[in-house]
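Following: one structure in structure tokens, then a few remarks.
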Amino acid sequence: MTITSPHLGSSAGWTDARLLYALEEVVEKELNRHLKVAKDWMPHEYVPWTDGRNFPGFFEDGEAWEKEHSKVTEIGRIALVVNLLTEDNLPSYHHEIASLFGRDGAWGTWVHRWTAEEGRHGIVMRDYLLTSRAVDPDKLEQFRMSHMSEGFESDNRHSMLHSVAYVAFQELATRISHRNTGHQSGDPVCDRMLARIATDENLHMIFYRNLLKAAFDIAPDLTMQAVRDVVVNFRMPGHGIPGFERAAAQMAIGEVYNMRIHHDDVLQPVLRFLKIMEIDGLGPEGQKAQEELGLFMGGLDAEASKFDEKLAARKARMAARAGG
């Protein structure tokens, strides 16, 4: 690909519009690769419909939800609600990326394809939760209304490169969260459903990760700064969910998603693929960002080790109580 642009190592002159144009061929290539490997699937095939029964309201035989109806574990219920409410904000996510990436050409085709694939996740999760009575349906709807009424604004909406960097990590984080929720749910049906969703999320991560790698080839300094900013300030898109902080703490203790998982299973795999610390030829700002990223990752690893120790001590106390 021939690009008439500023010197590759220079940040000058790289606007979002020029970057979008420069990466168009890469987007088309990655889109074609994605369409070859992505498999269509039917959400209704993952839902245990025969478990369903009426809720109170219009139906005289409706049965109110009770905790005992749920087959999933306590941590499974907490994580499922967080994961579904995150998926529910798809209209806002679509607006964000369509505004940044556009609706034309390969970029636009990807935006709409991604949205269509993500739409399946909310469909199948809600159908499963209501049919299996895994969670309180009234609270689920109240949370959905509250969360979506607040809207969503990405921390990275100011920059196309920041947005690409963010979703490269966020898609993997979502995959890990879904997969671990399935493992911890205690319900094989739930585990199978979330494994299917996680497969989609992994393919989305690969698309954005490869796009991010291409961005390093054309604008290394700006891309390095974007990666640094995203990694240092990373937070999940569901942070606005009612009671998110408490739920996140419970998910951390329950080993669905915590600091160690974030470091080892989300940040490190993407950074290793990009060979982030081996990139050379950077200008002063790029070198500074690279150094700060390395320092941050070292500090995060140390903090994760402290968390690991506390979690191990907690498990030991609980085991001692159970044995006593």
**Report entry** Asp217 bridged to Lys213 by N-O distance under 4.0 Å
**Finding:** no

Query raised in the report: Can you name the closest pair of heavy atoms from Pro43 and Val124 and give their distance?
Result: O-CG2, 3.3 Å

Report task. Run the numbers on His147 and Asp88 for side chain to side chain donor-acceptor pair (under 3.5 Å), then give the verdict. Result -> CA-CA 9 Å; His147 183 43; Asp88 274 335; over 6 Å; no

Report task. Check the pair Arg133 / Glu66 against side chain to side chain contact (heavy atoms under 4.5 Å, CB included), numbers first and verdict last. Result -> CA-CA 8 Å; Arg133 290 184 171 241; Glu66 294 182 14; over 6 Å; no

**Report entry** Nearest heavy-atom neighbours spanning Ala214 and Val26
**Finding:** CB-CG1, 3.7 Å

Report summary line: Of all heavy-atom pairs linking Tyr208 and Trp110, the shortest is OH-NE1, 2.9 Å

Report task. Show your reasoning for whether side chain to side chain contact (heavy atoms under 4.5 Å, CB included) applies to Leu129 and Arg77. Result -> CA-CA 9 Å; Leu129 293 182; Arg77 284 196 298 276; over 6 Å; no

Query raised in the report: Does any non-hydrogen side-chain atom of Phe55 lie less than 4.5 Å from one of Glu63?
Result: no

Query - Working for side chain to side chain contact (heavy atoms under 4.5 Å, CB included), residues Tyr93 and Thr86 - result: CA-CA 10 Å; Tyr93 307 149; Thr86 301; 3.6 Å; yes

Requested in this report: Output yes when Lys288 and Glu285 qualify as a salt bridge under the 4.0 Å nitrogen-oxygen rule, no when they do not.
Outcome: no

Query raised in the report: Between Met236 and Ala173, which heavy-atom pair has the shortest distance, and what is it?
Result: SD-CB, 3.6 Å

Query raised in the report: Glu309 and Ser305: side-chain donor and acceptor closer than 3.5 Å?
Result: no

Requested in this report: Compare all side-chain heavy atoms of Arg53 with those of His69 and state whether any distance is below 4.5 angstrom.
Outcome: yes

**Report entry** Any side-chain heavy-atom pair of Glu303 and His263 under 4.5 Å
**Finding:** no

Report task. Among His121, Arg175, Arg179, find the residue that satisfies the side chain to side chain donor-acceptor pair (under 3.5 Å) test when tested with Glu201. Result -> His121

Query - Residues Asp191, Ser185; criterion side chain to side chain donor-acceptor pair (under 3.5 Å); working and verdict - result: CA-CA 7 Å; Asp191 191 25; Ser185 69; 5.6 Å; no

**Report entry** Check: Trp41/Asp200 side-chain N/O donor and acceptor closer than 3.5 Å
**Finding:** yes

Report task. Please check if atom CG in Asp104 has more than 12 non-hydrogen atoms from other residues, nucleotides or ligands closer than 6.0 Å. Result -> no

Requested in this report: For Arg33, look at atom CZ and say whether over 12 heavy atoms of other residues, nucleotides or ligands are found less than 6.0 Å away.
Outcome: yes

Query raised in the report: Charged N to carboxylate O under 4.0 angstrom, Arg260 versus Asp308?
Result: yes

Requested in this report: Could you please spell out the steps behind the side chain to side chain donor-acceptor pair (under 3.5 Å) verdict for Ser92 and Glu96?
Outcome: CA-CA 6 Å; Ser92 289; Glu96 290 273 343; over 6 Å; no

Query raised in the report: Hey, any chance Phe273 and Tyr166 share a hydrophobic cluster, counting ILVMFWY side chains that come within less than 4.5 Å of each other, even indirectly?
Result: yes

**Report entry** Residue pair Ser177 / Asn83, side-chain donor-acceptor N/O under 3.5 Å
**Finding:** yes

Report task. Indicate yes or no: does Lys315 engage Glu255 in a salt bridge with an N to O separation below 4.0 Å. Result -> yes

Report task. Establish whether Phe101 and Ile206 are linked, either directly or via other cluster members, by ILVMFWY side-chain heavy-atom contacts under 4.5 Å. Result -> yes

Requested in this report: Could you check Tyr128 against Val189 for side chain to side chain contact (heavy atoms under 4.5 Å, CB included), going step by step and ending with a plain yes or no?
Outcome: CA-CA 9 Å; Tyr128 165 79; Val189 175; 4.0 Å; yes

Report task. Check Arg113, Glu117, His204 against His34 for a side chain to side chain donor-acceptor pair (under 3.5 Å) and give me the one that passes. Result -> Glu117

Query raised in the report: If you measure only the distance, is there a donor-acceptor pair under 3.5 Å linking the side chains of Asp127 and His44?
Result: no

**Report entry** Neighbour count above 12 (heavy atom, 6.0 Å) for His94 NE2
**Finding:** yes

Query - Distance flag, aromatic centroids of Trp114 and Phe207, threshold under 6.0 Å - result: no

Query - Val164 to Val167 - nearest heavy-atom pair and separation - result: O-CG2, 3.3 Å

Query raised in the report: Can you name the closest pair of heavy atoms from Ile279 and Leu282 and give their distance?
Result: O-CD1, 3.9 Å

Report task. May I ask you to say whether Lys71 pairs ionically with Asp51, meaning some side-chain N is under 4.0 Å from a carboxylate O? Result -> yes

**Report entry** Glu74 bridged to Lys67 by N-O distance under 4.0 Å
**Finding:** yes

Report task. Establish, for the pair Arg228 and Phe296, whether the NZ or CZ atom is under 6.0 angstrom from the six-membered ring centre and no further than 45 degrees off its axis. Result -> no

Query raised in the report: Looking at side-chain heavy atoms only, is the closest gap between Phe234 and Asp155 below 4.5 Å?
Result: no

Report task. Kindly compute the distance separating CG (Leu203) from CD (Glu171), expressed to the nearest 0.5 Å. Result -> 10.0 Å

